[in-house]
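Reckoned from all heavy atoms, side chains included, excluding hydrogens, waters and symmetry mates. Counting convention: from 1, in listed order, for ligands and their atoms alike. These figures come from a predicted structure and were not determined experimentally.
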Amino acid sequence: MPETATHVGSGKVRELYELDDDRLLLVASDRISTFDVVLPTEIPDKGRVLTGLSAFWFARTRELVPNHLLALRADGRSTECRRLEMLPLECVVRGYLTGSGWKDYQATGAVCGHVLAEGLRDSDKLPEPIFTPATKAQEGHDENIDRERAAKLVGQERFDEVERVSLELYRHASEYAAERGILIADTKFELGLDEEGRLVLADEAFTPDSSRFWPADAYEPGHAQPSFDKQFVRDYCESLGWDKTPPGPELPEEVVVGTRARYVEAFERLTGIEFDAYLADPDVVLG
Ligand code: PZK
């Protein structure tokens with residue numbers, strides 16, 4: 001019988017479909033965004049790289065926390081997942097001070113209620129990773145919130161569990177990635193509850209779209225770091241003097257090819273698996 005899948009949601013570069021009462025299908029496209037704008041040019045296989053990386057991390061972290069992954073489809077870009085009740089919280093962990101964390105620190109000396117030492121610079125490594133939750137904005141940017149506000153949203157006990165699990169996941173993945181030459185500066189999780197009220201990791205895990213990946217060999221605090229995956233795209237867009245409002249520019253072939261190579265490099269470094277082997281059989285990432 002042909003399958004029916006009802007479209008239930010869109011992210012910037014992914015689509016979500018309902019398979020049945022218990023299962024969703026998450027499909028990662030090859031679209032790319034930069035400066036918060038989706039560009040008209042796609043990066044071939046980007047969706048497969050991100051889907052494969054997520055599945056790799058789900059398989060590697062299932063002892064830390066269960067996750068929503070049920071099956072990878074043969075196309076390499078589609079994930080069947082358990083339908084959960086999602087928590088109304090973006091679970092962000094930061095190991096380095098950059099982005100909105102750096103902005104908040106400069107304004108207040110703190111990030112989400114974590115008061116930090118004076119004199120820190122953009123991209124400095126934090127003495128310990130910090131949990132910096134944010135609200136889920138329907139439009140525009142998520143708003144960083146302190147632990148009191150986050151605990152009000154999900155309850156104190158659940159908040160404590162979410163913070164502990166998020167920090168454990170980040171510690172595990174960032175240590176593993178650093179050994180392979182990639183710094184995971186920060187990362188964002190989405191967590192949900194299953195029918196028994198158990199905490200389950202959903203969405204994507206430690207992809208370059210949900211995390212900041214930096215090349216370790218170029219790390220130099222004091223200024224913004226190059227992005228492992230999107231730097232060619234950013235440099236090209238900056239060279240045009242584009243004002244960063246939609247529509248974004250088309251990318252030339254050499255930027256597409258160079259960027260695709262960076263995604264594949266991230267996949268191969270982190271998983272230790274050849275990307276062609278993933279294309280032949282996506283289940284190779286599940287171990
Ligand atoms: C869910 N999103 C965000 C991501 C989109 C939307 N396992 C789950 N159960 C219930 N809901 C979700 C998930 C997951 N993952 C995730 N919204 C709902 C999202 C990607 C594309 F359109």
*When you check the gap from the basic side-chain N to the acidic O, do Glu238 and Lys230 get nearer than 4.0 Å?*
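Salt bridge flag = no for Lys230 with Glu238.
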
Note every protein N or O atom lying under 3.5 Å from an N or O atom of ligand 1, pairing the names and giving the distance.
from, atom 1, to, atom 2, distance (Å)
ligand 1, 7 (N), His68, ND1, 3.1
ligand 1, 7 (N), Arg82, O, 2.8
ligand 1, 9 (N), Leu84, N, 2.9
ligand 1, 15 (N), Asp203, N, 3.1

*Would Leu69 end up clustered with Leu84 when hydrophobic side chains under 4.5 Å apart are linked, directly or stepwise?*
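No, Leu69 does not connect to Leu84 through the hydrophobic network.
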
*asked:* Could you work out, with side-chain hydrogen bond (donor to acceptor under 3.5 Å, both in side chains) as the rule, every residue matching Thr207, not counting sequence neighbours?
replied: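 Thr207: side-chain hydrogen bond (donor to acceptor under 3.5 Å, both in side chains) contacts with Glu204, Ser210.
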
*Any side-chain heavy atom of Arg212 sitting closer than 4.5 Å to one from Gln225?*
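Not touching, per the 4.5 Å side-chain cut-off.
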
*Mind checking salt bridge (charged side-chain N to carboxylate O under 4.0 Å, His left out) for Glu42 and listing every partner two or more places apart, or none if nothing turns up?*
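None.
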
*Got a sec, which residues hit side chain to side chain contact (heavy atoms under 4.5 Å, CB included) with Asp229, two or more places apart in sequence or on another chain?*
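So Asp229 forms a side chain to side chain contact (heavy atoms under 4.5 Å, CB included) with Pro208, Phe213, Ser227, Tyr263.
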
